[in-house]
Asks: 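This structure is in structure tokens; I'll ask about it shortly.
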Amino acid sequence: MKIIIIGSVAAGTSVAAKARRNDENAEITLYNADYDISYSICGIPYFLGGEVDELETLTPRSAAWFKKRYNVDIHTRHEVIEIDPDKKIITVKNLDTSETKEDNYDTLVFATGATPITPPIKGVDMNHVFHVRNIQNTASINSFMVSNNPKKVTIIGAGFIGLEMAEQLTHKGLEVTIVQRSNQIMPHLDKDMAFRVEEHSISEITE
Ligand SMILES: Cc1cc2nc3c(=O)[nH]c(=O)nc-3n(C[C@H](O)[C@H](O)[C@H](O)COP(=O)(O)OP(=O)(O)OC[C@H]3O[C@@H](n4cnc5c(N)ncnc54)[C@H](O)[C@@H]3O)c2cc1C
């Protein structure tokens, strides 16, 4: 049995570990377009806010660790660019060298996660506009803050991540404005619950 998993963050590495427990002999290979594997995304706002000291503590696992622990092969900076489901073959591009290669599978798992929405607004590609998504974005935001010592920040999106960023950057001393397109923060909560979070955010975070 040969299993290929696309994506090696939370879902991909969990699947790999479980697949190994189920089958000692399976050949398990992961391809991940990004640099890092199985990292603590949840800690990103807390690193930027200063509660987590070192960015490296958010990336405790390496491909070598997974190989030793679970005997799975993880290839980072490798993007799956084509799938032939009839032949059960994928085409993978090495994003560092641009070389491509094919690999075959018996089972293919998508653990490709999600990408942030980029609103079509003017200036969104400027060098002081960031996504909060992965370790590279985080390093860029941190290095911008260290070099430029910004005083004000606007956060687009008042879901969990937006509010965590608001809390952390407020604690860091920045003046924070949140922009949310719906008529309440935490849009997935009922209005009467979101109202309480909003009240708390205004009274507690900003104090
Ligand atoms: C700042 C932040 C804070 C968060 N905090 C929390 C929290 O406190 N609690 C919580 O439960 N959740 C939190 N989340 C959400 C959580 O991080 C995600 O639910 C989780 O990362 C999803 O993991 P995943 O493996 O499904 O996908 P992802 O983490 O999106 O990983 C998918 C991987 O697949 C790769 N990939 C995609 N397409 C291809 C391709 N074609 N070829 C190769 N590789 C590909 C991507 O490069 C990526 O590395 C947070 C997210 C963020 C951004």
Side-chain angles (χ1 to χ4, degrees), residues 3-19 28-52 55 57-63 66 70 72-85 88-105 107-118 129-142 144-145 153 155-172 176 178 180 185-189 197:
I3 302 169
I4 289 183
I5 301 167
I6 312 175
S8 69
V9 189
T13 51
S14 303
V15 170
K18 179 64 178 157
I28 305 170
T29 304
L30 292 85
Y31 292 104
N32 192 60
D34 231 329
Y35 288 87
D36 300 290
I37 64 172
S38 187
Y39 57 93
S40 305
I41 294 185
C42 313
I44 285 175
Y46 302 94
F47 166 72
L48 292 170
E51 282 188 32
V52 172
L55 189 53
T57 57
L58 303 185
T59 53
R61 302 279 184 244
S62 66
F66 266 91
Y70 294 108
V72 302
D73 294 301
I74 303 185
H75 304 275
T76 54
R77 298 284 292 153
H78 280 68
E79 184 180 11
V80 176
I81 55 171
E82 209 172 310
I83 299 168
D84 183 335
K88 296 196 168 186
I89 287 175
I90 59 165
T91 305
V92 188
K93 182 177 182 183
N94 180 327
L95 297 177
D96 292 324
T97 64
S98 293
E99 284 169 28
T100 59
K101 67 165 189 174
E102 291 186 344
D103 201 356
N104 65 298
Y105 61 85
T107 299
L108 182 64
V109 178
F110 286 83
T112 46
T115 46
I117 296 166
T118 305
V129 181
F130 302 94
H131 285 114
V132 186
R133 179 63 188 88
N134 60 25
I135 297 296
Q136 282 69 47
N137 305 147
T138 308
S140 303
I141 297 171
N142 187 53
F144 181 87
M145 291 204 298
V153 60
I155 295 172
I156 304 179
F160 284 112
I161 298 169
L163 293 187
E164 284 180 358
M165 288 297 295
E167 181 203 44
Q168 287 300 307
L169 295 181
T170 302
H171 288 172
K172 214 177 164 78
V176 176
I178 305 179
Q180 166 65 31
I185 66 169
M186 301 292 280
H188 51 282
L189 291 186
V197 180

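For ligands, and for the atoms within them, numbers begin at 1 and follow the listed sequence. Predicted model, so just to flag it, every value in this text is computed and none were measured. Atom set for the values below is all heavy atoms of this structure, side chains included, hydrogens, waters and symmetry mates excluded.
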Asks: Can you sort out the partners of F144 under ring pair (Phe, Tyr, Trp, His ring centres under 6.0 Å), two or more places apart, ordered by chain and number?
Replies: F130
Asks: Under 4.0 Å from a heavy atom of D34: which atoms of ligand 1 are those, numbered in the order shown and with their elements?
Replies: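 What qualifies from ligand 1 is 47 (O), 49 (O).
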Asks: Under 4.0 Å from a heavy atom of G113: which atoms of ligand 1 are those, numbered in the order shown and with their elements?
Replies: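 Atoms satisfying the 4.0 Å criterion: 26 (O), 27 (O), 28 (P), 30 (O), 32 (C).
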Asks: Which atoms of ligand 1 are found less than 4.0 Å from any heavy atom of I161?
Replies: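 So the atoms of ligand 1 that pass are 1 (C), 2 (C), 3 (C), 51 (C), 52 (C), 53 (C).
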Asks: Who are the salt bridge (Lys or Arg N to Asp or Glu O under 4.0 Å) partners of D73, not counting sequence neighbours?
Replies: K67
Asks: With heavy-atom distances below 4.0 Å as the criterion, list the atoms of ligand 1 near A114.
Replies: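 Those qualifying, in numeric order: 30 (O).
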Asks: Tell me whether ligand 1 is touched by M165 - counting only heavy atoms on the residue side and a distance under 4.0 Å.
Replies: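 Checking ligand 1 against M165, which is what was asked, there is no heavy-atom contact under 4.0 Å.
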Asks: Assess whether atom CD of E82 is packed by more than 12 heavy atoms of other residues, nucleotides or ligands within 6.0 Å.
Replies: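 Atom CD in E82 is not packed in, count stays at 12 or less.
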Asks: By number and element, which atoms of ligand 1 are closer than 4.0 Å to a non-hydrogen atom of A111?
Replies: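 Result: 32 (C), 33 (C), 34 (O).
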Asks: Looking at ligand 1, does any of its N/O atoms fall within less than 3.5 Å of an N/O of V132?
Replies: no
Asks: Do N94 and E79 have side-chain N/O donor and acceptor atoms under 3.5 Å apart?
Replies: no
Asks: What are the two closest heavy atoms between A158 and I178, and how far apart are they?
Replies: CB-CG2, 3.7 Å
